[in-house]
Amino acid sequence: MYIRKLTYKKEDVDCKLCTEYRGKKHPCPHDVCPFIAERIEAGAVTYWDAVNAMISPQYRFARRLPKLAAEYPGTFFLDDRHRSRMEFLNTQLGYIPGRNTPAYYAAMYLLTANEIIYWRTANCFCHDGIDFQYAILRGVSTYNYALYRAALALTTDRQGVTVSELDDTELIGDEVFRLIINAMLIARYGLTVMKLTKGDDANDS
């Protein structure tokens, strides 16, 4: 028996239909929408909306977010090769319930960003998940080490890239910062988040 999975549409997630809606004068009591995952699926959320909902403004690195949103190219992938590497690895590994979590995909996204980090970490992906002891880190660049540590933090209890490091534009350049924030979005909301659009004047919100 086939049961169709509900796919949300924009009209399904209109704020006026929400149980939290309080009228025109005070439409929502929440600073961050509690149903943003459903709104992302429906295509009713921009990249800036999702990032802004995930990152608290109390973090110093939040000052980098408006520029991140303004320069969002409309895709999470750096280029077609990044997309191909992730799709190939995902196809090769297949789907295993309990393993293929949003955090797992977030790590895969980071560790397929370029050919070098992919070569150094491809053996870490296994039947049971990700075993980072197989990563080849000798002589790794600062750029790729940041990707590795971010993937580590998203999938284990070990410390990854710190908040202060994310605020350091010299240590964590704009491209690496974007990759890490994108991976955090995937870990929080799942692969659906990769369909986010830029929207209009996102950084002016």
Side-chain angles (χ1 to χ4, degrees), residues 40 47 50-51 54-55 61 64-65 67-69 71-198:
I40 288 173
Y47 182 79
V51 170
M54 181 179 68
I55 306 296
F61 72 84
R64 303 182 66 179
L65 299 180
K67 179 182 179 183
L68 179 82
E71 297 179 352
Y72 178 56
T75 176
F76 272 42
F77 293 106
L78 289 179
D79 51 37
D80 288 339
R81 289 171 296 178
H82 183 188
R83 182 193 301 273
S84 295
R85 278 188 295 268
M86 182 171 177
E87 290 179 348
F88 173 79
L89 184 59
N90 190 36
T91 300
Q92 289 291 103
L93 294 167
Y95 179 80
I96 297 178
R99 182 196 67 180
N100 290 45
T101 64
Y104 171 84
Y105 288 122
M108 182 181 291
Y109 166 80
L110 289 171
L111 300 179
T112 55
N114 60 71
E115 192 67 36
I116 295 175
I117 192 64
Y118 175 60
W119 174 78
R120 287 176 173 272
T121 60
N123 286 336
C124 296
F125 290 86
C126 54
H127 182 274
D128 296 325
I130 307 175
D131 190 340
F132 287 95
Q133 70 173 326
Y134 294 111
I136 303 171
L137 298 178
R138 184 176 181 180
V140 68
S141 66
T142 302
Y143 181 112
N144 283 328
Y145 188 56
L147 297 181
Y148 165 81
R149 289 180 59 204
L152 188 72
L154 288 170
T155 53
T156 72
D157 294 329
R158 297 164 65 180
Q159 184 177 15
V161 179
T162 65
V163 170
S164 60
E165 287 172 335
L166 286 173
D167 188 48
D168 189 335
T169 56
E170 292 186 6
L171 182 64
I172 304 292
D174 288 346
E175 186 171 279
V176 179
F177 183 70
R178 177 180 300 283
L179 287 167
I180 292 173
I181 296 299
N182 287 351
M184 291 170 63
L185 286 169
I186 295 170
R188 174 71 66 88
Y189 302 117
L191 290 176
T192 300
V193 80
M194 300 182 79
K195 298 178 181 179
L196 286 172
T197 60
K198 182 172 183 177

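- Within a 6.0 Å sphere centred on CD of E170, other residues, nucleotides and ligands contribute 12 heavy atoms or fewer.
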Working for side chain to side chain contact (heavy atoms under 4.5 Å, CB included), residues V163 and L166: CA-CA 5 Å; V163 170; L166 286 173; 5.5 Å; no
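- The nearest pair of heavy atoms linking P102 to A187 is CB-O, 3.4 Å.
- R178 places a side-chain N or O within 3.5 Å of a backbone atom of L68 that can act as its donor or acceptor partner.
- By the neighbour-count criterion of 12 heavy atoms within 6.0 Å, atom CD1 of I96 is densely surrounded, having more than that number from other residues, nucleotides or ligands.
- Among L171, T169, L65, the single residue meeting the side-chain contact (heavy atoms from CB on, under 4.5 Å) criterion with F177 is L65.
- In this structure, L111 CG and T155 OG1 are separated by 8.0 Å, a value rounded to the nearest 0.5 Å.
- The distance from the CD1 atom of I172 to the OG1 atom of T162 is 8.0 Å, given to the nearest 0.5 Å.
- Between the D167 side chain and the R64 main chain, no donor and acceptor come within less than 3.5 Å of each other.
- The two residues G94 and N100 have their closest heavy-atom pair at O-ND2, 3.3 Å.
- At a threshold of 4.0 Å, the pair K67-D174 counts as salt-bridged, since one of the basic side-chain nitrogens sits closer than that to a carboxylate oxygen.
- The distance from atom CZ of F132 to atom CG of L152, rounded to the nearest 0.5 Å, is 5.0 Å.
- A donor-acceptor pair shorter than 3.5 Å can be found between the side chains of Y47 and N182.
- Within 6.0 Å of the CG atom in D80, the count of heavy atoms belonging to other residues, nucleotides or ligands does not exceed 12.
- Residues N90 and E87 are not in side-chain contact: their nearest non-hydrogen atoms beyond the backbone lie 4.5 Å or more apart.
- Side chains of L191 and I186 form a contact here, defined as non-hydrogen atoms less than 4.5 Å apart.
- Pairs passing the salt bridge (charged side-chain N to carboxylate O under 4.0 Å, His left out) check and including a residue from residues 98-119, sequence neighbours excluded, read R85-E115.
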Please assess V193 against R188 for the test side chain to side chain contact (heavy atoms under 4.5 Å, CB included), listing each intermediate value before the final yes or no. CA-CA 9 Å; V193 80; R188 174 71 66 88; over 6 Å; no
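- Note that CD1 of I180 is 9.0 Å distant from CG of L154, once rounded to the nearest 0.5 Å.
- Listed by first then second residue, pairs satisfying salt bridge (charged side-chain N to carboxylate O under 4.0 Å, His left out) with a partner in residues 138-163 read R149-E165, not counting sequence neighbours.
- Inter-residue side-chain proximity for F125 and Y104 is flagged as met; some heavy-atom pair is nearer than 4.5 Å.
- Between atom CD1 of residue I55 and atom CZ of residue F61 there is a gap of 4.0 Å, rounded to the nearest 0.5 Å.
- M108 has its side chain within reach of L93: a pair of non-hydrogen atoms, C-beta onward, lies under 4.5 Å apart.
- Listed for the T121 side chain is no donor-acceptor partner under 3.5 Å among the backbone atoms of C124.
- Between the NE2 atom in H82 and the OH atom in Y118 there is a gap of 11.5 Å [rounded to 0.5 Å].
- Across every non-hydrogen atom of A183 and A106, the tightest pair is O-CB, 3.2 Å.
- Considering only heavy atoms from C-beta on, L179 comes within 4.5 Å of Y143 through its side chain.
- For R120 (side chain) and I136 (main-chain N/O), a donor-acceptor pair under 3.5 Å exists by modelled atom type.
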Verdict with reasoning, M54 to I181, per side chain to side chain contact (heavy atoms under 4.5 Å, CB included): CA-CA 9 Å; M54 181 179 68; I181 296 299; 4.2 Å; yes
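- Closest approach of Y109 to M194, counting heavy atoms only: CD1-CE, 4.1 Å.
- Relative ring orientation between F76 and Y72 is described as perpendicular, the plane-to-plane angle rising above 60° on a 0-90° scale split at 30° and 60°.
- A146 approaches V176 most closely through the heavy-atom pair CB-CG1, 3.9 Å.
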